[in-house]
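Numbers here simply count residues along the sequence, with the first being 1.
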Amino acid sequence: MSKTVTRRDTFKFIAAGLAATSVACSTKTVKAPTTRPVLLNPINDRWSNTHDRVWLGGEYWANPMEDWRISNGAAECVTTGGQRSVHALQHQLVDTSKTFKTSVRVKLLETGKEDGGVAIRLGVRSEINEYRSNCFVQQGLDIGVINNQIALGSKRKSLTRAINNDEIDIIITGSPQAQLVALNVEIISVSSSESLGQMAALVGTEELLGNIAVVSNFNIPSFDSGPNQSRSDAGRYQFRNWHIEGEAFSNNVEQKFGPILWTMYTLSDSRSDEGFIMKLSALTGPLGEKDSKDVVLQVRKNGKWVEISKADLDTDGWVATFRIPNWDESQATPYRVIYMESQVDGSIKPDIYEGTIKANPAGRKMRMAALTCQNDYAFPYEPVAKNVAKLDPDLVFFSGDQLYESHGGFGIIRVPAKMAILNYLRKYYQFGWAFKDAMRNAPTICLPDDHDVLQGNLWGEGGAPMPMAAHDENRVDKAGGYIEPIKMVNVVHKTHTAHHMEPVEPNPSKRGMSVYYGELIYGDVSFAIVADRQWKSGPERLNVIVGTSGNDEEPNFINPKWNSKELHLLGDRQEQFLKRWAQDWRGHKLKALLSQTIFASLATHQMNPQHYLKYDFDANGWPASGRDRAISAIKGSKALHICGDTHLPSVSQYGLEQQRDSNWAFCTPAIAVGWQRWWRPDDIGLNYANRPQHGMPNTGEYLDSFGNKNYIYAIGDPEVSRSKNRYVMAHEKCSGFGFITFDKEDMTYKMDAYKFMIDATDGKASNQFEGWPLTIKQSDNQSA
């Protein structure tokens, strides 16, 4: 646990640059220990010394975060919903050959028609038994109290008297016995110090290994929708004095997550007297009114840490953003972000998060990792996250769907805005938790997409509200507009893109919705960043019924009624920006367009390989008129389009007036494919021509269902996964990530598409999807 310093010491601490050696909670990349760290000294929660707030602290993960508060020194569940839990992040039960003890003080705050029970839960683990993945498992060995009975798993024993409104201590001890573990639980009344009962049992090791958590309403199921999503007929509980001791527990202090959760930064040539501008965002958990809102940025110069800026936390999105002009881009610069967490007793807990601002990769090849779509069945995506860290890219690009509505369970909150934001942040935090080490040392571009604003599909209509009919039918995937409050959407934009360069035209779109499209110049490459769906027209403009309209049509028939010149894809503002960008070659040699998804409809089958869906109006092949204007705008740029979203890796070339007369596009593999798609045009008899020399099926020149011209060079169709292991499932579903090498001397783009369960550094050809790697010339982005 972190030592504390007084408030007076704090100012000395900062003034001295926190010395040359990191102290307290320094959060940096930590190599896996060669021996398992064990818990040698007992630990207790710090809630009694923490200000009232939503976030319980870096030592814990709350399920769901928005249903918990620190109130008067205790962790309090604020809803009566089932399976509300708090996991200890730094301590897992790992060795049942050693003794252990854990206890917690609990109080029933609200009485319901039934008692859902209160417990310490042991043996919480996923199929991979990784501490982060374990946090979302809603089962284990529950040991506590329910209906005035001691609960030890499925066993029950009556207490000596009713608890009534007493605070109680749940005390659990465990010791090895004949290859098993002897467990004992005792319930003690806090007010009278009397024992209300004990219970003992022998249990197997497999019931105990994994995370440890405290649970409010352990006997009530959780729900992801409906009236029971956040409440039940049970009560709710409060927890304090959570105690963990014994060498049976691990002690992995690097598993602490916060107060500083992660950082993201960019470095860009402003082509002005501000030179290169470095922008960095630091995200914290949702803090309280009495918590400090200051975050400090330091860099290491001449062997010393020097403060260069201070920023305030935005108290909606809990992000602090630094903007440093005239950055020395010629050399790598160590940085650290510092947050001083104030305590109730006046002491301060420093939290330090370290990384490196890379040197601008001018004069050499520039290497970029490109990632998209992370469904949380495969959380925390370790094979991908570790491969990206191994490859040490110069730039990391996340093209969207950093979260899904289902992330972490417990459903979606739409209103009020404050709760909708907390619901979003909790889901978004899983992204940072998984990929923070990839982002701390490399510039990161991070785009929000439809699922990031908690919509299955998004036709943004420039920020218009979604029609009430879609609300009433609970179909947010069929109409244009945004369902979430503007304040929540703006928080999504800020937490994703505040560290980007400023938008070229910052004036908001409809209803005050923020914008983020613009340009970043780095490593002699200019990146145009656009929002594919913020201005996209809604299908109701053509009376389209999503998922139904046109499905009875012959595959090769191009129906003109599904297109109109009045429909938009990127919108006029972004089209005009791209036209200017395409002709502006100041300060760079190559260009790339970064957006959420491909300007085509490259999927014939969805959900399963037999389900043919002719028209996918969510795809950016629709509307075809808007798609054509977008491609026309970038045609002179000779840029590679890099994107994601489709869950189907592809390399293709757009056609405008004729096949192959425009830019190439690399749609990268999804980190973890959820909804599966297939491109199987040969199976449904789509006409094609000029198949590439490799002769792979489903490649060549095609018209997609909206009549768009596309030359398909390579496609990564998935299997139907049947594995119960999350990582094997992701691999079978064609998950993975992309990698692009920009060669400014040869003027080429090299594209790699790596599979999920591989080592990207061992050089095996089987690491990549069939058809990759592929290198194209800059000049190829104009014509075949």
So for atom [atom1], which belongs to [X], do other residues, nucleotides or ligands contribute more than 12 heavy atoms lying within a distance under 6.0 Å?
X    : atom1 : value
K614 : NZ    : yes
E657 : CD    : no
I545 : CD1   : no
E505 : CD    : yes
K510 : NZ    : yes

Go through V453 and L458 one step at a time and tell me if the side-chain contact (heavy atoms from CB on, under 4.5 Å) criterion holds.
CA-CA 9 Å; V453 294; L458 176 63; 4.2 Å; yes
Close side-chain approach of [X] to [Y], heavy-atom, < 4.5 Å:
X    : Y    : answer
L403 : Y424 : yes
L594 : C643 : no
I445 : L395 : yes
L371 : F435 : yes
M696 : E770 : yes
D524 : L590 : no
L570 : Q534 : no

side-chain hydrogen bond (donor to acceptor under 3.5 Å, both in side chains) partner of D394, the single match among R367, K365, R364
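Looking at R367, K365, R364, the match for D394 under the side-chain hydrogen bond (donor to acceptor under 3.5 Å, both in side chains) is R364.
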Which word best sums up how the rings of [X] and [Y] line up, parallel for under 30°, tilted for 30 to 60°, or perpendicular for over 60°?
X    : Y    : value
Y654 : H641 : tilted
Y517 : F577 : tilted
W622 : F706 : tilted

Quick check: closest heavy atoms across L602 and L648, and the distance to 0.1 Å?
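Of all heavy-atom pairs spanning L602 and L648, the closest is O-CD2, 3.3 Å.
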Nearest heavy-atom pair of K494 and D314: which atoms, and what distance?
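Closest approach of K494 to D314, heavy atoms only: NZ-OD2, 3.2 Å.
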If you measure from [atom1] on [X] to [atom2] on [Y], what distance do you get to the nearest 0.5 Å?
X    : Y    : atom1 : atom2 : answer
Q659 : N690 : CD    : CG    : 8.5 Å
D743 : K777 : CG    : NZ    : 12.0 Å
K478 : M466 : NZ    : CE    : 10.5 Å
F739 : Q768 : CZ    : CD    : 10.5 Å
F737 : F756 : CZ    : CZ    : 10.5 Å
N620 : T646 : CG    : OG1   : 11.0 Å

Validate the cation-pi geometry between [X] and [Y]: distance from NZ or CZ to the six-membered ring centre under 6.0 Å, angle to the ring axis within 45°.
X    : Y    : result
R691 : Y688 : yes
K591 : W585 : yes
K755 : W772 : no
R660 : Y711 : yes

Is a side-chain donor or acceptor of [X] paired with a backbone partner of [Y] at a separation under 3.5 angstrom?
X    : Y    : result
Q455 : I483 : yes
K750 : F742 : no
N360 : G523 : yes
T266 : H499 : yes
H588 : R586 : yes
S268 : S270 : no
D269 : R271 : yes
H647 : A670 : no
Q402 : Y428 : no
D717 : W679 : yes

Is it true that E502 and K279 make a salt bridge, defined as a side-chain N closer than 4.0 Å to a carboxylate O?
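So E502 pairs with K279 through a salt bridge.
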Set out, in order, the CA-CA distance, both residues' side-chain angles and the distance that settles side chain to side chain donor-acceptor pair (under 3.5 Å) for S281 and T321, then state yes or no.
CA-CA 4 Å; S281 288; T321 304; 3.2 Å; yes
Check the pair E540, V544 against side-chain contact (heavy atoms from CB on, under 4.5 Å), reporting the backbone distance first and the verdict last.
CA-CA 5 Å; E540 69 273 23; V544 166; over 6 Å; no
Side chains of [Y] and [X]: any donor to acceptor distance under 3.5 Å?
X    : Y    : value
T748 : Q778 : no
N559 : E553 : yes
Q606 : D616 : yes
W581 : S526 : yes
K635 : N781 : no

Would you please test M366 and K744 for side-chain contact (heavy atoms from CB on, under 4.5 Å) and show each step?
CA-CA 8 Å; M366 201 270 284; K744 287 93 64 171; 3.6 Å; yes
May I have all residue pairs that pass salt bridge (charged side-chain N to carboxylate O under 4.0 Å, His left out) and include part of residues 443-468, sequence neighbours excluded?
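Residue pairs with at least one partner in residues 443-468: D449-R533, E461-R541.
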Enumerate the ring pair (Phe, Tyr, Trp, His ring centres under 6.0 Å) contacts for residues 542-564, please, sequence neighbours excluded, ordered by first and then second residue.
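Those involving residues 542-564 are W562-Y615, W562-F617.
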Taking it one step at a time, do S662 and Q782 satisfy side chain to side chain donor-acceptor pair (under 3.5 Å)?
CA-CA 5 Å; S662 195; Q782 284 188 315; over 6 Å; no
Test log, rule side chain to side chain donor-acceptor pair (under 3.5 Å), inputs D645 and T597:
CA-CA 5 Å; D645 177 66; T597 192; 3.2 Å; yes
Check step by step if ring-ring contact (aromatic ring centres under 6.0 Å, His included) holds for F431 and H407.
CA-CA 10 Å; F431 156 64; H407 257 50; 9.7 Å; no
Under the side chain to side chain donor-acceptor pair (under 3.5 Å) criterion, do N710 and S652 qualify, and how do the steps go?
CA-CA 7 Å; N710 295 288; S652 61; 5.0 Å; no
For the pair Y265 and I357, evaluate side-chain contact (heavy atoms from CB on, under 4.5 Å) and give the outcome as yes or no after the intermediate values.
CA-CA 8 Å; Y265 76 87; I357 308 296; 3.6 Å; yes
